There are 2 protein chains.
Amino acid sequence: MRAERTSAERGSAKALTPKGEATRRRIVDGAARVIRSRGVAHTSLDDVREATATSKSQLFHYFPEGKDQLLLAVAAHEADRVLDDQRPALDALDDWPTWIVWRDIVIERYRQQGRTCPLSVLVTQLGREVPEVQSIIVHLFERWQGAIERGILSMQAAGSMPASVDAASAARALLAGIQGGVVIMLATGSVEHLESAIDHSLDALRVAP
Amino acid sequence: MRAERTSAERGSAKALTPKGEATRRRIVDGAARVIRSRGVAHTSLDDVREATATSKSQLFHYFPEGKDQLLLAVAAHEADRVLDDQRPALDALDDWPTWIVWRDIVIERYRQQGRTCPLSVLVTQLGREVPEVQSIIVHLFERWQGAIERGILSMQAAGSMPASVDAASAARALLAGIQGGVVIMLATGSVEHLESAIDHSLDALRVAP
DNA sequence: CATCGAATGGACTATCCGGTCCATTTAATG
DNA sequence: CATTAAATGGACCGGATAGTCCATTCGATG
């Protein structure tokens, strides 16, 4: 249970052969799949074992610190997915059409995801006694907000967004709106709030005619 | 595990004597306290038993459907707390000073709450196989958003907020911003996003001078 | 082909914990 | 004071599951 060693994440793993790496990947992918469909709380290591055609010893061979370490790897995997799903628009918010495309991608992505948020579920499961989980989320938010902020600055430079607004603060507000929209969607099943949140933020970024 | 009966919540309980009600309340309060400090995932019925000076049979006497039913009661309890903590300002958003007071209350409340959100943790734990948990959250959001919307309408009627904005949509965006601000705070420990979200929403509601 | 470490298989253990059961005490009511 | 139902105490059970251990196979390298 306890995660004593603070590293053991990406780099320092011990001599993985290509075959080993493939197996490790298969485990993480499979675990992510199972968790997405069933929820962490109802996913046992045996479920993962079965879904990935591996044995118990393999699970502990690749994740010697146990289940928490595996869940951490899954969380990192899911966090990457979140941003990947928004690309390439997220990295090219340089004109209004791209902003609208991005808006639609985000809304559609979460509409499809529906009532489950693998990431939130993993995070609350691992809880604060596993500090690495927070770094994953913080890092995700930083990258996400950074991309938005870069977009705003780029638009301001082009005169397409008002120079009067503080890009960093606006990016924070927009990111918060998205997160909240998703949270509310998890309960209500509707993206209505997500849409309102993004649209209100974007409205505030339109230049006065 | 299964919660077959859809009621068994507030009303229909079977003949509780004053003493019984007191015990039941003690259990819910105590469970909420333990969960807040330790997280659901690491709270067993024995922990609750110990913290509330009760016996196993009492737990099942008051919550015959088991742990899920108890967690549900705790969730309802925590949801009520959320709104209560914002009163009376939340119900009197009729002038700008009250809006600012409310804003400060919300931010301060969550600043103090810090990195734990008992409600989110309960909800993700119970998951979708317990439908009642969603009603609790949806109901919370409805009441919360309703109060905000009433405030906006009241301000518009007084000419203190622009009549051009759609009160319902603005309330949705503001609520989403708050939720997202809290979510981000859970990861980063900072209320910066919460502040940005609320302030940007309020800025959009100021009448042009 | 021999060797050695990585990769794999799967039985087994230890333990935690939700839930059951029955015995006992408390308290309200006639 | 007798009766009855609610309230309480706590031992016990059964299942689930994280983690261990050792034996076996695979594959690269000399």
Side-chain angles (χ1 to χ4, degrees), chain A residues 1-5 8 12-28 30-31 34-35 38-74 122 125-127 129-130, chain B residues 1-5 8 12-28 30-31 34-35 38-74 122 125-127 129-130:
Chain A
M1 276 302 183
R2 226 69 267 270
E4 221 58 72
R5 245 164 314 290
S12 60
K14 56 185 84 157
L16 276 235
T17 69
K19 189 181 178 186
E21 275 195 60
T23 303
R24 194 197 139 104
R25 232 193 325 276
R26 198 172 79 243
I27 292 174
V28 173
V34 175
I35 288 171
R38 204 173 315 183
V40 203
H42 300 97
T43 300
S44 69
L45 289 185
D46 274 329
D47 293 332
V48 174
R49 205 183 44 64
E50 192 180 313
T52 58
T54 52
S55 67
K56 209 63 172 292
S57 70
Q58 279 171 292
L59 261 37
F60 282 87
H61 180 70
Y62 294 105
F63 303 94
E65 287 167 33
K67 192 180 190 183
D68 280 2
Q69 192 186 7
L70 170 57
L71 293 185
L72 214 54
V74 173
L122 277 161
Q125 179 75 18
L126 287 168
E129 57 274 351
V130 180
Chain B
M1 275 300 184
R2 226 68 270 270
E4 222 57 74
R5 243 165 316 290
S12 61
K14 56 184 86 161
L16 276 234
T17 70
K19 188 181 180 187
E21 274 195 60
T23 303
R24 194 197 139 104
R25 231 194 325 275
R26 197 171 80 243
I27 292 174
V28 174
V34 175
I35 288 171
R38 204 173 315 183
V40 204
H42 299 96
T43 301
S44 69
L45 289 185
D46 274 330
D47 293 332
V48 174
R49 204 183 43 66
E50 193 180 314
T52 58
T54 51
S55 68
K56 211 59 171 297
S57 70
Q58 279 172 290
L59 260 38
F60 283 86
H61 179 71
Y62 294 105
F63 302 95
E65 288 167 33
K67 192 180 192 183
D68 280 2
Q69 192 187 6
L70 170 57
L71 294 184
L72 214 54
V74 173
L122 277 162
Q125 179 76 17
L126 287 169
E129 56 275 352
V130 181

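Each chain gets a letter, A, B and so on, in the order its sequence line appears, and its residues count up from 1. Please read these numbers as outputs of a predicted model, since none were measured by experiment.
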Inset, instruction - Measure from CD on B/Gln58 to P on D/dG9 and round the result to the nearest Å. - result: 5 Å

Legend entry - Nucleotide nearest B/Leu45 when distance is taken to its side chain, options D/dA6, D/dG9, C/dG18: C/dG18

Legend entry - Minimum-distance pair of heavy atoms, taken over all atoms of A/Thr52 and A/Ala31: CG2-N, 4.2 Å

Legend entry - A/Gln58 side chain near A/Arg24 side chain, heavy-atom distance below 4.5 Å: no

Legend entry - Interatomic distance, A/Leu70 atom CG to A/Ile35 atom CD1 [nearest 0.5 angstrom]: 6.5 Å

Inset, instruction - May I have the distance from B/His42 (atom NE2) to C/dC16 (atom C1'), rounded to whole angstrom? - result: 12 Å

Legend entry - Atom pair distance, as rounded to whole Å: OH in B/Tyr62 and P in D/dA6: 11 Å

Legend entry - First of B/Thr17 and A/Thr43 reached from the 5' end of DNA chain D, by closest nucleotide: B/Thr17

Inset, instruction - Could you tell me the separation between the CD atom of A/Glu21 and the P atom of C/dA6, rounded to a whole number of Å? - result: 14 Å

Inset, instruction - With the side chain of B/Lys67 defined as its heavy atoms from C-beta on, choose the nearest nucleotide among C/dA7, C/dG19, D/dA18. - result: C/dG19

Legend entry - Spatial distance of atom CG (A/Asp68) from atom CG (A/Leu126) [nearest 0.5 Å]: 5.5 Å

Inset, instruction - Select base, sugar-phosphate, or nothing to describe what B/Phe63 touches, counting heavy atoms under 4.0 Å on all strands. - result: nothing

Legend entry - B/Ser44 side chain near C/dC16 phosphate (N/O to OP1/OP2, under 4.0 Å): no

Legend entry - Contact check, side chains of A/Leu16 and A/Tyr62, non-hydrogen atoms, under 4.5 Å: yes

Inset, instruction - Calculate the interatomic distance between A/Leu70 atom CG and D/dG19 atom P; express it in whole Å. - result: 10 Å

Inset, instruction - Would you mind reading off the distance between B/Arg49 atom CZ and C/dC17 atom P, rounded to a whole angstrom? - result: 12 Å

Inset, instruction - Would you kindly give the CG-to-C1' distance between A/Asp46 and D/dA16, to the nearest whole Å? - result: 9 Å

Legend entry - Side chain proximity check, B/Leu45 to B/Phe60, heavy atoms < 4.5 angstrom: yes

Legend entry - Under 4.0 Å protein heavy-atom contact, by nucleotide of nucleotides 20-30 of chain D - B base, S sugar-phosphate only: BB----SS---

Inset, instruction - Look at the side chain of B/Arg49 and the backbone N and O of B/Lys56, then say whether any donor-acceptor pair between them is shorter than 3.5 Å. - result: no

Inset, instruction - Take atom CZ of A/Arg26 and atom C1' of C/dT8, then tell me their distance rounded to the nearest Å. - result: 10 Å

